[in-house]
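Notes to accompany the following structure.
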Amino acid sequence: MAVGLLGKIIRHKVVDLWLSARIIETEAYMLNERGSHASLGLTPSRRALFMEGGTIYMYYARGGDSLNIGAAGPGNSVLIKSAYPVTDDVSGPESLAAMLRLNPARNGQPRAPEKLCAGQTLLCRALGLKVPEWNAQTLDASRLFIDDDGYRPDNIIRTTRLGIPSGRDEHLPYRFVDSAYASCCTRSPLGRSRLEGEHYHYLDTDQQWRT
DNA sequence: CCAAAGATGCGCT
DNA sequence: GCGCATCTTTGGG
């Protein structure tokens, strides 16, 4: 599911505008694995992780709102980590302008489009997604949904998730990035001194096709 | 009630 | 790559 969401467009309606962004980076989290919130057990703030597949789980990460979509099976979910703003027939220039206003840089200046949704909390800010409004809710074609315009990533990078402390299954290769947008994700996996085969892999075409 | 710990972001080097 | 701001959740006293 984390791979399948790459390239899809997430759309959120704010007042009378659809705000849209293409998903370029995702991470998978599983119930039976130490990196996930679900593995910490069922509490009121984590209840959405144990609801029906498709339920939205939002939580605060270091002060900002973060978006997950529940997968099949209790406790499994996909964290939407970064995206790239989309302007098309549904979201015109005024939608992009609204996103820029919702997520200005710290100094108040507008961000470059490449940086507007380059992180899990930045994405939520740009799309106007808030924990109190969307946690434990379901997708809704009239307000928030995942769209498919036919785009498919040519190459997908598979690597380890960010921010997982050691001893918490930090080695699991559950982070996925559309390589065409690698420079616009949370942190590029393709830095100098990052080696293909050691720090990251490209997903087999075979594996990509199956998803 | 308080301290500590995050599935982070930013600015600086 | 590192330090620091940030703010909610959680668990212990």
Side-chain angles (χ1 to χ4, degrees), chain A residues 1-3 5-6 10 21 23-50 55-71 73-85 99-100 102-136 157-177 182-195 198-200:
Chain A
M1 179 175 155
V3 173
L5 282 170
L6 290 179
I10 180 166
I23 298 168
I24 65 168
E25 178 188 12
T26 57
E27 288 178 356
Y29 288 86
M30 308 290 282
L31 174 63
N32 293 306
E33 162 252 304
R34 317 289 292 194
S36 70
H37 285 179
S39 70
L40 300 175
L42 175 60
T43 64
S45 69
R46 294 196 281 261
R47 71 191 186 284
L49 284 170
F50 298 87
T55 302
I56 291 165
Y57 167 55
M58 290 193 71
Y59 71 100
Y60 295 105
R62 297 297 218 280
D65 309 63
S66 296
L67 172 70
N68 294 250
I69 301 177
N76 303 324
S77 68
V78 175
L79 171 62
I80 311 299
K81 241 179 131 55
S82 55
Y84 193 93
M99 292 168 68
L100 290 165
L102 282 167
N103 186 22
R106 212 174 254 178
N107 63 13
Q109 290 302 110
R111 291 175 200 271
E114 292 77 15
K115 300 292 178 190
L116 185 57
C117 309
Q120 63 202 55
T121 67
L122 299 179
L123 168 65
C124 288
R125 264 160 64 185
L127 289 186
L129 295 169
K130 298 286 194 358
V131 173
E133 185 179 3
W134 283 106
N135 183 43
I157 296 161
R158 176 187 180 110
T159 182
T160 51
R161 300 170 296 186
L162 302 177
I164 310 291
S166 64
R168 297 286 203 91
D169 288 328
E170 72 277 13
H171 62 285
L172 292 174
Y174 290 170
R175 179 180 179 222
F176 303 94
V177 178
S183 62
C184 311
C185 69
T186 306
R187 276 201 340 257
S188 176
L190 310 177
R192 191 152 174 98
S193 84
R194 314 250 25 159
L195 303 176
E198 182 174 353
H199 298 100
Y200 68 92

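Residue numbering restarts at 1 for every chain, and letters A, B, ... go by the order of the sequence lines.
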Salt bridge flag under 4.0 Å for residues A:R187 and A:E25: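 No salt bridge links A:R187 with A:E25.
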Distance test, side-chain N/O of A:R194 to OP1/OP2 of C:dG1, below 4.0 Å: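 Indeed not, no polar side-chain atom of A:R194 lies that close.
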Side-chain N or O of A:R46 closer than 4.0 Å to phosphate OP1/OP2 of C:dT10: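 A:R46 to C:dT10 OP1/OP2: side-chain N or O found under 4.0 Å.
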Whole Å only: how far is the [atom1] atom of [X] from the [atom2] atom of [N]?
X      : N      : atom1 : atom2 : answer
A:L162 : B:dG6  : CG    : C1'   : 14 Å
A:L67  : B:dT8  : CG    : C1'   : 15 Å
A:H37  : C:dT8  : NE2   : C1'   : 11 Å
A:K115 : B:dG11 : NZ    : C1'   : 13 Å
A:E25  : B:dT8  : CD    : P     : 11 Å
A:R175 : B:dT8  : CZ    : P     : 11 Å
A:R34  : B:dG6  : CZ    : P     : 13 Å
A:L123 : B:dT8  : CG    : P     : 14 Å

Sugar-phosphate, base or nothing in reach of A:L122, heavy atoms under 4.0 Å: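 Sugar-phosphate: the residue A:L122, judged by heavy atoms under 4.0 Å, touches backbone atoms but no base.
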Touch class at under 4.0 angstrom, heavy-atom based, for A:G64 against every strand present: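 The residue A:G64 makes no contact with any strand.
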From the options [options], select the nucleotide whose nearest atom is closest to the side chain of [X].
X      : options               : answer
A:I164 : B:dC10, B:dG9, B:dA7  : B:dA7
A:S45  : C:dT10, B:dG11, B:dA7 : C:dT10
A:Y60  : B:dT8, C:dT8, B:dC10  : C:dT8
A:N68  : B:dG6, B:dA7, B:dG9   : B:dA7
A:R168 : B:dG9, B:dG6, C:dT10  : B:dG6
A:Q120 : C:dT10, B:dC10, B:dA7 : B:dA7
A:S77  : B:dA7, B:dC10, C:dT6  : B:dA7
A:R111 : B:dG9, B:dC10, C:dT9  : B:dC10

Aro-ring/base stack A:Y29-B:dA7, d under 5.5 Å, angle under 30°: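 A stacking contact exists, since A:Y29 sits close and nearly parallel to the base ring of B:dA7.
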Residues A:I157, A:L190; criterion side chain to side chain contact (heavy atoms under 4.5 Å, CB included); working and verdict: CA-CA 9 Å; A:I157 296 161; A:L190 310 177; 3.7 Å; yes
Quick one: are [X] and [Y] in side-chain contact, heavy atoms under 4.5 Å?
X      : Y      : answer
A:R175 : A:P189 : yes
A:I164 : A:Y29  : yes
A:P173 : A:R158 : yes

For B:dC2, the Watson-Crick or wobble counterpart (both distances under 3.5 Å):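 B:dC2 is paired with C:dG11.
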C:dT6 pairs with, by Watson-Crick or G-U criteria that keep both distances under 3.5 Å: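 With both distances under 3.5 Å required, C:dT6 matches none.
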Side chain to side chain contact (heavy atoms under 4.5 Å, CB included) evaluation trace for A:N68 with A:V78: CA-CA 5 Å; A:N68 294 250; A:V78 175; over 6 Å; no
Whichever of A:R106 and A:R187 has its nearest DNA chain C nucleotide further upstream toward 5':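 In this pair, the answer is A:R187.
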5′-ward residue of the pair A:L49/A:N107 relative to DNA chain B: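 The residue whose closest nucleotide sits nearer the 5' end is A:L49.
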Toward the 5' end of DNA chain B, by each residue's nearest nucleotide, A:Y59 or A:N103: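 Upstream on the strand: A:Y59.
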